[in-house]
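The block underneath contains the structure these notes are about, expressed in C-alpha cells.
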2 protein chains.
Amino acid sequence: MSHPAIAALAARFPGRIETGRAIRDQHGAGDSWHPAAPPEAVFFAESTAEVSAALAVCHAHRFPVTAFGHGSSIEGQTQAVAGGLSLDLTRMTGILRVSAPDMDATVEAGCTRQQLNAHLRDTGLFLPIDVGTHATMGGLASTRASGTMTVRHGTMRDRILGLTVVLADGEVIRTGGRARKSSSGYDLTGLFTGAEGTLGIITEVTLRLAGIPEQTAAGLYSFADIGAATETVVEALQCGLALNRIELLDGLQMQAINAYNGTAHPETATLMIEMAGSPDQVASDLEIFGDLAEGHGAAAVPCATPEAATALWKLRHSALYAARALRPGALSLSTDVCVPVSALPRVIAAIQAEIAAAGIVAPLHGHVGDGNFHLVMLFDGPQEQQVVSGLHARLIAMALEAGGTATGEHGVGLGKKAYMQAEHGPALGVMRRIKAALDPQGILNPGKILDP
Amino acid sequence: MSHPAIAALAARFPGRIETGRAIRDQHGAGDSWHPAAPPEAVFFAESTAEVSAALAVCHAHRFPVTAFGHGSSIEGQTQAVAGGLSLDLTRMTGILRVSAPDMDATVEAGCTRQQLNAHLRDTGLFLPIDVGTHATMGGLASTRASGTMTVRHGTMRDRILGLTVVLADGEVIRTGGRARKSSSGYDLTGLFTGAEGTLGIITEVTLRLAGIPEQTAAGLYSFADIGAATETVVEALQCGLALNRIELLDGLQMQAINAYNGTAHPETATLMIEMAGSPDQVASDLEIFGDLAEGHGAAAVPCATPEAATALWKLRHSALYAARALRPGALSLSTDVCVPVSALPRVIAAIQAEIAAAGIVAPLHGHVGDGNFHLVMLFDGPQEQQVVSGLHARLIAMALEAGGTATGEHGVGLGKKAYMQAEHGPALGVMRRIKAALDPQGILNPGKILDP
C-alpha cells in the first residue's frame with residue numbers, strides 16, 4: 001500500500017510521479033558510504049510553482065520531502081531515510097538572467113556550474129566555485145560548497161546574493177536581492193544556504209560572478225614533509241600573493257594520483273598552486289612563491305604552458321577517484337574538516353599517526369589555504385569500518401579542539417550529525433528552534449543535520 | 001514608581017544600575033533624526049557572564065533590553081522605545097586573542113575598530129572595516145556595517161568567523177569558530193550579524209583580519225556628471241583593478257566638503273579612489289584607472305605623497321558632518337540604499353531630480369563600488385520634514401525597483417522598518433517566525449526591524 005500522499009501527488013501531477021524501483025534507488029543514494037535509502041516516489045519538478053504545489057500536497061499529508069540534484073553529496077544528504085518524496089530539480093536548468101556590468105546572474109537550482117560557466121564564456125565572467133564534481137547550484141548552495149578557489153573567491157555563502165525558496169507548506173519567498181550588500185533585516189540568504197534542504201527548498205539562486213583573470217600560472221612543489229608544505233602556505237597567505245588555488249596532497253595521495261593517471265610526480269607532500277591576475281603580478285608572485293617554497297626545501301615543477309596547467313588541475317580533481325582506486329572493491333569514508341591554518345601541521349600529523357597505527361589506507365588532499373583537508377579512508381568489511389569510524393571521530397575531535405569545524409564543505413547530512421552537539425553546544429538548541437519554527441511538521445529532509 | 005526589574009537588577013548588581021536622567025538621555029539617542037527615547041535604567045556590563053545574568057533578570061521580569069555601544073547608529077537602533085534597560089557594552093574592550101599566522105582575532109563587543117587596529121599595528125594586520133565614525137565591534141556586527149573598503153574586503157558579514165551571543169533568557173551560545181569556512185549546520189553567525197540586538201546580545205566577535213598592503217596610492221577624479229563617474233566605476237570593477245576604495249561624491253557634497261575643510265576641489269561629481277597591492281601593481285592599476293577616467297572626461301588629482309592620501313580620506317570621512325554644516329541648525333535625515341552598480345546612474349538621476357524639484361538640500365556620497373550611496377537630506381521644521389520623508393520613501397521605492405535594498409549598511413532600526421514589507425514580502429514572515437522562536441517575550445530591542 002503506497003502512502004495516500006502519492007495518490008494526491010499523482011492527481012496533482014498526472015503521469016509525472018515516478019515510483020519505479022530503479023529510479024527510486026538512484027534517488028536514494030549519494031556518492032558516499034552511507035547506506036542507500038530510496039524515497040517512496042520521485043517527482044521531476046519543472047518550475048518553482050510546481051515545487052510549491054508539490055510541497056503543499058506533501059505538507060497536507062505530512063509526507064517527507066528530500067531535494068535531489070546530481071546526487072554528488074557525500075554525507076548522505078539525499079538519502080530518503082524517512083521515505084517520502086524525492087524532489088528532483090535537475091530539469092530546472094534555466095539561466096534566468098545575466099548582467100555583465102553587475103557581474104551577477106540568476107539561475108534555477110538544477111543548473112550546474114559547468115552549464116553556467118559555459119553560458120558565461122563570452123562575457124569574461126565565471127562562477128569561481130570549483131568543486132571536483134558536477135553538481136547543481138541548488139546542491140552547491142544547500143551544502144555551502146566551496147572547492148579549490150575559496151582562498152581567493154570565498155564559498156557559496158560569499159557568492160550568493162539572493163535565493164528563491166519554497167517553504168515547508170509551499171509558500172514561496174525571495175531572500176536577498178541583487179545589491180552587493182545589505183543590512184536590511186535578518187540574513188535569510190545565509191540561513192537557507194547550507195541548510196541542506198531542511199528549512200526550505202532552494203529553487204533559484206542569484207550569484208555574484210568573478211572576472212576571468214587576465215593571466216594564470218600554475219606549479220607543483222614537492223616537499224620533504226607536510227610541515228614544510230603548510231609552513232609555506234602560511235607564509236604565502238601572509239604575503240598576500242595573488243593565489244587563486246593552493247592545494248595540498250600527501251605522499252600517499254600523490255602515489256594514488258600517479259597510479260590512476262600514469263604520471264610520475266614525486267610521491268611526497270605536494271602543493272599545487274595557481275596565481276591569477278595581471279601578467280606582471282602573476283610572474284612576480286609566482287617567483288616569490290617559488291622562493292618561499294625553496295626556502296622550505298621544495299623541488300618545483302612550474303607549468304610551462306596553459307595545457308600543462310590544465311593537466312595539473314585534472315590530476316588534482318582526480319584525487320577522490322584515484323584514492324578510491326588504491327583498494328579496488330573497498331568502500332571509502334570521504335570526510336573533510338577545516339581548522340585554523342596554523343593548526344594544520346599539528347592536526348594532520350596527529351591523525352596520520354593514528355591512521356598509520358591502525359593500518360588504514362587514507363590518502364589526504366585539501367584546500368589548504370582555507371585550512372580545509374579531506375581524508376579518504378578506505379575500508380573493507382565491518383571490522384575495518386569500525387576502525388575507520390573511530391578514526392573519523394578522532395579526526396573531528398582534533399579539529400574541534402583546534403578551533404575548527406567538523407566539516408569545511410561537505411556538510412552534515414547523516415555523516416556528521418553525531419558531532420553537532422560537540423561542535424555547537426547550546427547553539428544546537430538555537431538551530432533546533434529555527435528548524436521547528438520553519439518546518440514544524442519536520443517534513444523537510446528529516447534525519448539530516450539535527451534531530452528534533 | 002520604577003519597574004520591579006530595576007530593583008531586581010540592583011539587587012543582583014549592587015550600586016551598578018544607573019537611573020540618572022543625563023545618563024539615560026545619552027543612552028536613548030543615537031546619531032540620527034529619530035526622536036530620543038531614554039531607557040529606564042542603564043547597566044555597564046563588564047563580562048559575558050554579567051550580560052547573561054542581567055538578561056536572566058530582565059527575562060524573568062519581561063523587561064526590555066537594548067544594547068548600546070558608542071551610540072553612532074543612525075536609524076534609531078539604540079532608542080529604548082519600549083523603555084527597559086540599556087545594556088552598555090563599552091567597558092568590554094578586551095582583545096582576547098590575536099593569531100598573526102591565522103590572521104584572526106577575538107575581541108569583546110565594546111572594543112572599537114580603532115582600538116583593535118592600534119593593537120594590531122605591529123602584526124602587519126588590520127580590520128578592513130572603515131566606517132566614518134568610532135563604533136564598537138558589537139555595533140558594527142549588529143548592523144552588518146561595511147564602509148569604504150567593502151569593494152575589496154567585504155562587510156562585517158564577510159569578516160566575522162564566530163560570535164558569542166547571550167540569548168533572551170540569558171543562555172550563552174557560541175556560533176562559528178576559527179575555521180575560515182564551515183558547512184556545519186545553520187549559519188547562526190550570519191543570522192545574529194545584522195540582527196541589531198533583536199535576537200540576542202553579541203558579547204564577543206571573532207574576526208578575519210587582512211594584511212596591511214605593501215603599497216597604496218590614492219587620487220581624486222572630477223567628472224562633468226555622475227553618469228560619467230559611475231560608468232568609470234563599472235569599467236574599473238570589470239577590469240579587476242586592485243581597488244581598495246572607490247567613493248563617489250556629488251557636486252553639492254564637494255561644495256560642502258570644501259566649505260567645511262577649507263579646500264578648493266572642483267565642485268562636481270567626484271571619485272576618490274585608492275589602489276592597494278604591490279608597488280608595481282598599484283602603479284600600473286592607477287595608470288589604467290586614470291586612462292578609464294580620462295576616457296570619461298575626468299580631471300585627475302593624484303595624491304603625490306602618503307600625507308596627501310591621508311588628507312584625501314580625511315576629507316571623505318568629513319562628508320556627513322560637512323553635509324550637515326550646509327544648513328546650520330537644520331536636522332538631517334541621513335539614509336543609504338544599495339542597488340546593482342549598473343542601476344546607479346538611473347536611480348541617482350531620478351532621485352536627484354525629485355530632490356531638486358522639492359527644493360531640498362541633500363548632498364550625496366557613497367561606496368559606489370558596492371552600488372551603495374548615502375543622501376543627507378537637511379530639513380528645518382515639520383513641513384520640510386514631511387517633504388523629506390516623502391523623498392525618502394521615493395528613494396527606497398526606486399532602489400527596490402532596481403533590485404536593490406532599502407539599506408546597504410545603516411541597518412533598519414526604526415527608520416527603515418516601514419519598508420521591510422515592500423522589500424522582503426513573504427520573507428518578512430520568516431523573519432517574524434525566527435524572532436518569535438528566539439525571543440518569544442519580545443524583550444530584545446523591541447520595536448526595531450519588525451513588529452511582532
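Below, chain A is the first sequence line, B the second, and so on; all start at residue 1.
- Contact of D280(B) with chain A is not made at all, since no heavy-atom distance falls under 4.5 Å.
- Taking G429(B), G177(B), P340(B), A437(B) one by one and counting their heavy-atom pairs under 4.5 Å with chain A, the maximum is reached by P340(B).
- Heavy atoms of L450(B) lying under 4.5 Å from chain A belong exclusively to its side chain.
- Residue with the most contacts toward chain A among Q281(B), K417(B), K435(B): Q281(B) (heavy-atom pairs, distance under 4.5 Å).
- The contact between A100(A) and chain B is made by backbone and side chain atoms together, counting heavy-atom distances below 4.5 Å.
- For chain B, the nearby part of V234(A) is the side chain; its heavy atoms alone come within less than 4.5 Å.
- Only the side chain of M420(A) comes within less than 4.5 Å of a heavy atom of chain B; its backbone N, CA, C and O stay farther away.
- Only the backbone of H410(B) comes within less than 4.5 Å of a heavy atom of chain A; no side-chain atom from C-beta onward does.
- In this structure, the portions of E409(A) lying under 4.5 Å from any heavy atom of chain B include both its backbone and its side chain.
- Residue L188(B) touches chain A through its side chain alone, counting heavy-atom pairs closer than 4.5 Å.
- Both the backbone and the side chain of K181(A) come within contact range of chain B, with heavy atoms under 4.5 Å apart.
- Interface check for chain B: of the options S146(A), S183(A), A427(A), the most heavy-atom pairs under 4.5 Å are formed by S183(A).
- For the salt bridge (charged side-chain N to carboxylate O under 4.0 Å, His left out) with D104(B), the qualifying choice from R208(B), R97(B), R180(B), R159(B) is R97(B), the only one to do so.
- When atom types are taken as modelled, the side chain of H424(A) and the backbone of S184(B) share a donor-acceptor pair closer than 3.5 angstrom.
- Heavy atoms closer than 4.5 Å to chain B are found in the backbone of R174(A), but not in its side chain.
- In terms of heavy-atom proximity, R433(A) sits nearest to L167(B) at NH2-CD1, 3.6 Å.
- Using a 4.5 Å cut-off between heavy atoms, V172(A) touches chain B through its backbone atoms (N, CA, C, O) alone.
- Residue S182(A) touches chain B through both its backbone and its side chain, counting heavy-atom pairs closer than 4.5 Å.
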